[in-house]
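Data block below; observations after.
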Amino acid sequence: MYLLNSFTVKSMTLHNRIVMPPMCMYSAGTDGIANEFHFTHYTSRAVGGVGLIIMEATGVLPRGRISDHCLGLWNDDQAKALKPIVTACQKQGTKVAIQLNHAGRKCEAREKIIDAPSAIPFSQDSPMPREMTEDDIHETVNAFRDSAARAAEIGFDAIEIHGAHGYLISEFLSPLTNHRTDGYGGSTEKRCRILVEILKAIHEVWPVEKPILLRVSAEDYEPNGMHIEEMSKIINLVKPYIDVLDVSTGGVVSTPPMKIYPGYQVKIAEQLKQVCGIPVVTVGLITDPHQVEEILGGERADLVALGRELLRDPYWILHTARNMEVEYPWPEQYRRGFQTRK
């Protein structure tokens with residue numbers, strides 16, 4: 001089975017092609033510190049055999065959280081709480097990444113300041129964000145670097161930068177939300193500038209042998225928004241600084257996709273893989289192992305992320321191997337539950 005094949009990027013070798021994508025749990029304290037829930041949540045998927053776990057969007061600043069109950073990594077107490085979770089998952093053979101994020105204008109935490117590239121609210125009911133100054137941008141770049149340094153010290157196997165779903169980096173990239181006239185707005189290169197600066201800053205502190213992932217929204221579903229042609233230009237600008245592209249769509253504005261179906265984002269991931277020549281993760285209502293096999297066997301993507309399906313079934317990989325009568329190393333403690341008793 002293709003989904004059970006290993007995959008190597010830099011020093012990281014995954015024992016299969018299944019990824020748990022970052023999914024906000026909104027379960028941290030207001031201090032952004034991980035707790036017992038996070039330990040159980042992530043280690044369950046590691047026991048279940050997931051090749052790569054990408055931890056949920058983790059704020060690099062207090063005003064960079066999506067909510068008051070999102071994880072943070074802007075101080076050492078937060079790092080201390082994450083370390084045993086990472087270590088426990090790695091002991092099961094699973095690799096662990098962390099997704100670093102700044103929520104931008106979609107910050108719903110109780111912060112007095114909401115940052116955005118331009119003073120454009122997300123909706124009529126959303127608060128008005130302030131347009132960031134260059135000093136604000138530099139502070140944000142430094143915050144990503146500092147959080148990446150903590151992630152390296154914790155021992156994460158990889159790091160993912162959240163440039164999707166209408167959060168701060170995505171807001172800078174999209175012409176719908178970036179109306180700046182300075183060095184951070186206008187042309188593709190200028191709208192991409194903050195992302196390049198963040199990636200360069202992370203390279204100063206992140207181990208060279210460990211991969212960096214970038215998650216993007218490759219389609220805004222609006223005529224004047226982001227489309228694959230523009231995203232291809234952006235990826236080629238940042239390709240020297242990333243190792244894997246995690247492809248999603250939407251979120252910059254509330255416009256939904258015209259059609260949603262299992263694998264509805266696979267085609268755009270496949271196109272970016274072909275155009276940019278970089279390994280890609282695809283995601284989007286994928287649940288069936290036969291569909292995963294078609295995606296991987298057809299080289300449409302290199303890794304497949306299962307979001308809601310892994311919420312429903314932490315042991316999806318083990319159950320899939322058993323149902324398809326494929327030998328797979330169950331955890332020793334549970335193996336007798338799947339042996340035929342004579």
Side-chain angles (χ1 to χ4, degrees), residues 22-26 28 30 32 56-72 74 99-144 147 161-195 197-198 214-227 230-231 234 248-258 260 265:
M23 293 178 282
C24 291
M25 294 290 106
Y26 308 111
T30 55
E56 61 203 82
T58 301
V60 299
L61 287 168
R63 63 181 182 272
R65 292 173 295 171
I66 299 169
S67 79
D68 283 315
H69 296 286
C70 289
L71 294 177
W74 63 81
Q99 185 188 67
L100 297 182
N101 185 42
H102 190 301
R105 70 177 188 169
K106 295 177 82 172
C107 172
E108 296 183 3
R110 290 172 292 180
E111 297 294 330
K112 295 180 180 179
I113 298 172
I114 299 177
D115 288 331
S118 301
I120 306 170
F122 179 67
S123 69
Q124 291 182 343
D125 299 325
S126 300
M128 178 66 72
R130 68 166 185 175
E131 181 172 308
M132 296 171 70
T133 66
E134 290 201 9
D135 285 343
D136 296 328
I137 291 171
H138 297 156
E139 178 192 9
T140 300
V141 170
N142 290 336
F144 271 94
S147 293
I161 305 307
H162 200 348
H165 299 162
Y167 299 118
L168 185 71
I169 295 174
S170 181
E171 293 164 18
F172 269 93
L173 296 179
S174 175
L176 295 176
T177 44
N178 185 345
H179 294 179
R180 299 175 72 98
T181 57
D182 63 359
Y184 291 91
S187 67
T188 304
E189 290 78 9
K190 289 181 178 180
R191 284 185 282 109
C192 192
R193 180 179 169 186
I194 188 174
L195 174 57
E197 290 180 356
I198 287 170
L214 173 65
R215 193 166 205 188
V216 297
S217 284
E219 174 60 58
D220 284 343
Y221 303 110
E222 281 287 339
N224 297 320
M226 181 68 66
H227 305 297
E230 180 71 2
M231 182 53 66
I234 290 170
S248 189
T249 61
V252 172
V253 291
S254 58
T255 306
M258 292 183 64
I260 296 180
Q265 296 175 138

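Model, not experiment: these values are computed from the prediction. These values consider heavy atoms only, across backbone and side chains, with no hydrogens, waters or symmetry-generated copies.
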Heavy-atom distance under 4.5 Å between the side chains of Arg65 and Glu111, does that happen here?
yes
Just grab all the side chain to side chain donor-acceptor pair (under 3.5 Å) pairs involving residues 99-109, residues at least two apart or on different chains.
Gln99-Glu160
Can you find a pair of side-chain heavy atoms, one from Ser118 and one from Thr177, that are under 4.5 Å apart?
no
Looking only at non-hydrogen atoms, find the nearest pair between Ala109 and Ser67 and report the distance.
CB-C, 3.8 Å
Verify, without hydrogens or angle tests, whether Glu222 (side chain) and Asn224 (backbone) share a donor-acceptor contact under 3.5 angstrom.
no
If I take atom CD from residue Glu131 and atom CD1 from residue Ile120, how far apart are they, to the nearest 0.5 angstrom?
8.5 Å
Evaluate side chain to side chain contact (heavy atoms under 4.5 Å, CB included) for Ile169 paired with Phe144, printing each intermediate quantity in order.
CA-CA 11 Å; Ile169 295 174; Phe144 271 94; 4.0 Å; yes
Does Arg191 use its side chain to pair, donor to acceptor, with the backbone of Gly186 at less than 3.5 Å?
yes
Nearest heavy atoms of Asn178 and Pro117, plus distance in Å:
CG-CB, 4.3 Å
Against Asp220, only a single residue in Glu230, Met226, Met231 fulfils side-chain contact (heavy atoms from CB on, under 4.5 Å); can you say which?
Met226
Can you list everything that forms a side-chain contact (heavy atoms from CB on, under 4.5 Å) with Arg130? Sequence neighbours excluded, please.
Arg63, Ile113, Asp115, Asp136
For Asp182, enumerate each residue passing the side-chain contact (heavy atoms from CB on, under 4.5 Å) test, keeping only those at least two apart in sequence or located in another chain.
Glu134, Arg180, Tyr184
Whether the side chain of Thr249 engages the backbone of Ala218 through a donor-acceptor N/O pair (distance < 3.5 Å, no angle test) should be reported.
no
Measure the CD-CE distance between Glu139 and Met132 for me, rounded to the nearest 0.5 Å.
7.5 Å
Cys24 and Ile66, any side-chain heavy atoms less than 4.5 Å apart
yes
Straight-line distance of Glu56 CD to Thr58 OG1, nearest 0.5 Å
6.0 Å
Do Ile137 and Arg193 come close enough that some side-chain heavy atom pair is under 4.5 Å?
no
Would you compute the distance between atom OG of Ser248 and atom NE2 of His165 and round it to the nearest 0.5 angstrom?
2.5 Å
Check: Phe122 and Glu171 side chains under 4.5 Å, non-hydrogen atoms:
no
The reported gap from CD1 in Ile198 to CG in Leu168 (rounded to nearest 0.5 angstrom) is 7.0 Å
Nearest-0.5 Å distance that lies between atom CZ in Arg215 and atom OG in Ser170:
11.5 Å
Closest approach of Ser217 to Gly250 (non-hydrogen atoms, all atoms of both residues)
OG-O, 2.8 Å
So, does His162 use its side chain to make a donor-acceptor pair with the main chain of Leu100 at under 3.5 Å?
no
Which atom names give the shortest non-hydrogen contact between Ile234 and Cys192, and what distance separates them?
CG2-SG, 3.8 Å
Please give me the minimum heavy-atom distance between Gly59 and Trp74, naming the atom from each residue.
O-CE3, 3.5 Å
